[in-house]
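These notes are about the structure you will find just below.
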Amino acid sequence: MQELLTEAYGPVLNGNLLEEIAESGHFRDAEKGEMVMDIGDTIQGLPMLLQGAVKVLRVDDNGEELLLYFLESGDSCAMTLGSFFGSSKSSIRAVAEQDSKMVIVPLDKVHDWMGKHADFRQLVFESFNTRLKELIESMDSLAFMDLHGRVAKYLTDRVKVNGSTTLDTTHAEIAADLHTSRVVVSRILKQLEREGMLELHRNRIEVIAF
DNA sequence: TCATTAACACGGG
DNA sequence: CCCGTGTTAATGA
């Protein structure tokens, strides 16, 4: 775990702190597709992603989802910071996009280090800022783009976080993430395929160019 | 006009 | 067979 920590956070956090994290944090493993956190779950600490990618979703009363953003290795989840201001329940759902590994740092440690370590403070604030930007991006696409554009943005984002142009996914999953119906997703994907942007297979999409 | 819902056929694993 | 996929028809915003 020490190596994974160094790999993911070595450039921004000093060695002593990395050791402390390894000591007091709990290791957590998540298989692709596994739900890491759901709405209403108690937040035990600040998750720091070591490997893989996690998608963060909002869920409405009917259980319908909407993708907010992706977390990659070196990212931490901004929403958990809400627990400093009272609420200890999660307001989002997090699902592993790939097989992922992470460390959960207990909240009292986070509190402690926020005061003591400038590098840690910077990491948390930067992560918060990045998440906020991504959130604004998804709001923009929701408000200003048609579904065709949203699907295109969604695919490019997923290609980016997976580091691969091969996406193991289904039309239904895309529809759920974008909070729309599968029919439209199928139609739009078919159209993109005809334009030569991608190739469609069962449970798989090959992205050619965007 | 464009999205949604329901319904159906096809076919691959 | 089950499920993902591709399409159509009807309806709605």
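Only this structure's heavy atoms are used, side chains among them; waters, hydrogens and symmetry mates stay out. Order of the sequence lines fixes the chain letters, A, B, ..., with proteins taken first and strands second; residue numbering starts at 1 for each chain. All figures in this text were calculated on a predicted structure; none of them were measured in a lab.
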Practice problem: Might you point out which heavy atoms bring L5(A) and L18(A) nearest each other, and give the distance in Å? | Solution: CD1-O, 3.6 Å

Quiz prompt | Net bend of the helix from dT1(B)-dA13(C) to dG13(B)-dC1(C), end axes of five pairs each, nearest 10 degrees | solution = 20°

Practice problem: Would you classify S181(A) as touching base, sugar-phosphate or nothing, given that sugar-phosphate means primed atoms plus P, OP1 and OP2, and contacts are heavy atoms under 4.0 Å? | Solution: base

Quiz item: Which heavy atom in G74(A) sits nearest to a heavy atom in L123(A), and how many Å separate them?
Solution: O-CD1, 4.1 Å

Quiz item: Between atom CG of L68(A) and atom CZ of R131(A), what is the distance when rounded to the nearest 0.5 Å?
Solution: 11.0 Å

Quiz item: Atom CD of Q191(A) to atom P of dG6(C): distance rounded to whole Å?
Solution: 14 Å

Quiz item: Which nucleotide, dG4(C), dT7(C), dT4(B), lies nearest any side-chain atom of L147(A)?
Solution: dT4(B)

Self-check item: Distance-only side-chain donor-acceptor flag, Y154(A) / R150(A), under 3.5 Å
Solution: no

Self-check item: Atom pair distance, as rounded to whole Å: CD in E193(A) and P in dT5(C)
Solution: 12 Å

Self-check item: Carboxylate-amine/guanidinium contact R204(A) D168(A), below 4.0 Å
Solution: no

Quiz item: To the nearest angstrom, how far is R182(A) atom CZ from dC8(B) atom C1'?
Solution: 11 Å

Quiz prompt | Distance below 4.0 Å between T180(A) side-chain N/O and dT4(B) OP1 or OP2 | solution = yes

Quiz item: What integer distance in Å separates E199(A):CD from dG6(C):P?
Solution: 12 Å

Self-check item: Residue among E65(A), E173(A), E134(A) satisfying salt bridge (charged side-chain N to carboxylate O under 4.0 Å, His left out) with K55(A)
Solution: E173(A)

Quiz item: Does a side-chain N-to-carboxylate-O contact under 4.0 Å join K109(A) and E20(A)?
Solution: no

Quiz item: Which whole-number value in Å describes the distance from I188(A) CD1 to dT5(C) C1'?
Solution: 15 Å

Quiz item: What's the NE2-C1' distance between H201(A) and dG6(C), to the nearest Å?
Solution: 16 Å

Exercise. Tell whether R204(A) reaches the base of dG4(C) with its side chain through a donor-acceptor pair below 3.5 angstrom.
Key: no

Quiz prompt | Protein-nucleotide distance (L189(A), atom CG; dG4(C), atom P), rounded to Å | solution = 15 Å

Quiz item: CG of N203(A) versus P of dC2(C): gap in Å, rounded?
Solution: 17 Å

